[in-house]
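By convention here, the first residue in the shown sequence is residue 1.
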Amino acid sequence: DHWLGIEPVNGRDVLSRVLYGSRISLLIATAASLLSLVIGIALGVIAGYFRGWVDALISRIMDVFLAFPLLLFALALAAIVPDTFFGMTGDTLRIAMLVFIIGFFSWPYAGRIVRGQTIALREREFVDAARVRGAKPRRIIVRELMPNLVAPILVYGTLLIPANILFEAALSFLGVGIRPPTPSWGKMLNDAIQYYRVDPAYLVIPGAAIFITVLAFNLFGDGLRDAFDPKAH
């Protein structure tokens, strides 16, 4: 009846909680990755194309965000967020908070990659040809640069999701993520600590779920990188 067993004491089905926890972890990781990519792509392209003081300003902002103690900020913010905020409550509020923390404060990683690629592309012949034809910067960015940035952005996005899965699991493990009874892989690991001597499977199963999911995304990202960059072989 219970393929992966049941939890100690309360008797909840472990398989059901692992599957439901995967939905929470993937939702938060994917949404946070999209948020960081949108901000990073926009500011990275602007900095790389316009250069000068615009590039210097955005680069300094990136440095500030990269030096930000993200984990400590997440712990502090989770402690002061009220039960109701902007009409959101419960799991919706916690998910929105985690997406904001992870996504908004991790965009400089994507921004630096996009900025470097944009600097290299803006000197290419097809961009010079577009300038000669009288194309405005907006058209050059949208029609000339962005199609050539799709490959590195897609590869980085697939590698960013597993990192965010681990970060969300760490926050839930520390008790500032999704609140019980909603399952989360990190929270399941935390609950298993007191029972691992009696029931080690309770600790191994959510850990294995995190390991397999992160490994799958990393292998997928490596495969995309090899497919889009055959010269790397």
Check [X] against [Y] and note the closest heavy-atom contact, atom names and distance.
X	Y	result
Ile210	Ala169	CD1-CB, 3.9 Å
Ser36	Gly103	CB-O, 3.2 Å
Met146	Val45	SD-CG2, 4.0 Å
Val127	Leu121	CG2-O, 3.3 Å

Following the transitive rule for hydrophobic clusters with a side-chain heavy-atom cut-off under 4.5 Å over Ile, Leu, Val, Met, Phe, Trp and Tyr, establish whether [X] and [Y] coincide in one cluster.
X	Y	answer
Leu15	Leu26	yes
Tyr49	Ile119	no
Val204	Phe173	no
Ile101	Leu93	yes
Val18	Leu215	no

A quick test of your reading: do over 12 heavy atoms of other residues, nucleotides or ligands sit less than 6.0 Å from CZ of Arg131?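 Atom CZ in Arg131 is crowded, with more than 12 foreign heavy atoms closer than 6.0 Å.
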Would the number of heavy atoms belonging to other residues, nucleotides or ligands and lying under 6.0 Å from OH of Tyr109 be above 12? no
Just verifying a value: how many Å separate [X] [atom1] and [Y] [atom2], rounded to the nearest 0.5 Å?
X	Y	atom1	atom2	value
Ile61	Leu57	CD1	CG	4.5 Å
Ile140	Lys136	CD1	NZ	10.0 Å
Leu98	Ile28	CG	CD1	4.5 Å
Ile46	Ile41	CD1	CD1	12.0 Å
Arg139	Leu145	CZ	CG	12.5 Å
Trp185	Ile205	CH2	CD1	13.0 Å

Are [X] and [Y] packed together at the side-chain level, in the sense that at least one heavy-atom pair is separated by less than 4.5 angstrom?
X	Y	value
Arg51	Arg122	yes
Asp191	Tyr202	yes
Asp55	Phe50	no
Gln117	Val114	no
Thr182	Arg94	no

Working for side chain to side chain contact (heavy atoms under 4.5 Å, CB included), residues Glu168 and Ser184: CA-CA 9 Å; Glu168 183 276 331; Ser184 172; 3.1 Å; yes
Candidate pair Arg112 and Arg115, rule side chain to side chain contact (heavy atoms under 4.5 Å, CB included), full reasoning: CA-CA 5 Å; Arg112 283 194 165 186; Arg115 173 183 173 273; 5.6 Å; no
Within 45° cone and under 6.0 Å: Arg124 NZ/CZ vs Phe126 ring: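 Arg124 over Phe126 ring: no.
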Run the salt-bridge test on Asp13 and Arg17 with the 4.0 Å N-O cut-off and return the result as yes or no. no
Counting only N and O atoms by type, is there a donor-acceptor contact under 3.5 Å from the side chain of [X] to the main-chain atoms of [Y]?
X	Y	value
Ser22	Leu19	yes
Asn148	Glu144	yes
Trp107	Leu37	no

May I have the list of side-chain donor-acceptor pairs in residues 152-167 shorter than 3.5 Å, sequence neighbours left out?
| residue | atom | partner | partner atom | Å |
| --- | --- | --- | --- | --- |
| Thr158 | OG1 | Leu154 | O | 3.4 |
| Thr158 | OG1 | Val155 | O | 2.7 |
| Asn164 | ND2 | Ser33 | OG | 2.8 |

Check: Arg23/Tyr20 side-chain N/O donor and acceptor closer than 3.5 Å: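 Yes, Tyr20 and Arg23 have a side-chain donor paired with an acceptor closer than 3.5 Å.
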Angle class for the Phe65/Phe104 ring planes (parallel below 30°, perpendicular above 60°, tilted otherwise)? perpendicular
Assign the ring pair Phe100 / Phe105 to parallel, tilted or perpendicular, where the plane angle (0 to 90°) is split at 30° and 60°.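 Rings of Phe100 and Phe105: perpendicular, over 60°.
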Begin with the C-alpha distance, continue with both residues' side-chain angles, and end with the deciding distance and a verdict on side chain to side chain contact (heavy atoms under 4.5 Å, CB included) for Leu174 and Asn190. CA-CA 8 Å; Leu174 294 173; Asn190 183 281; over 6 Å; no
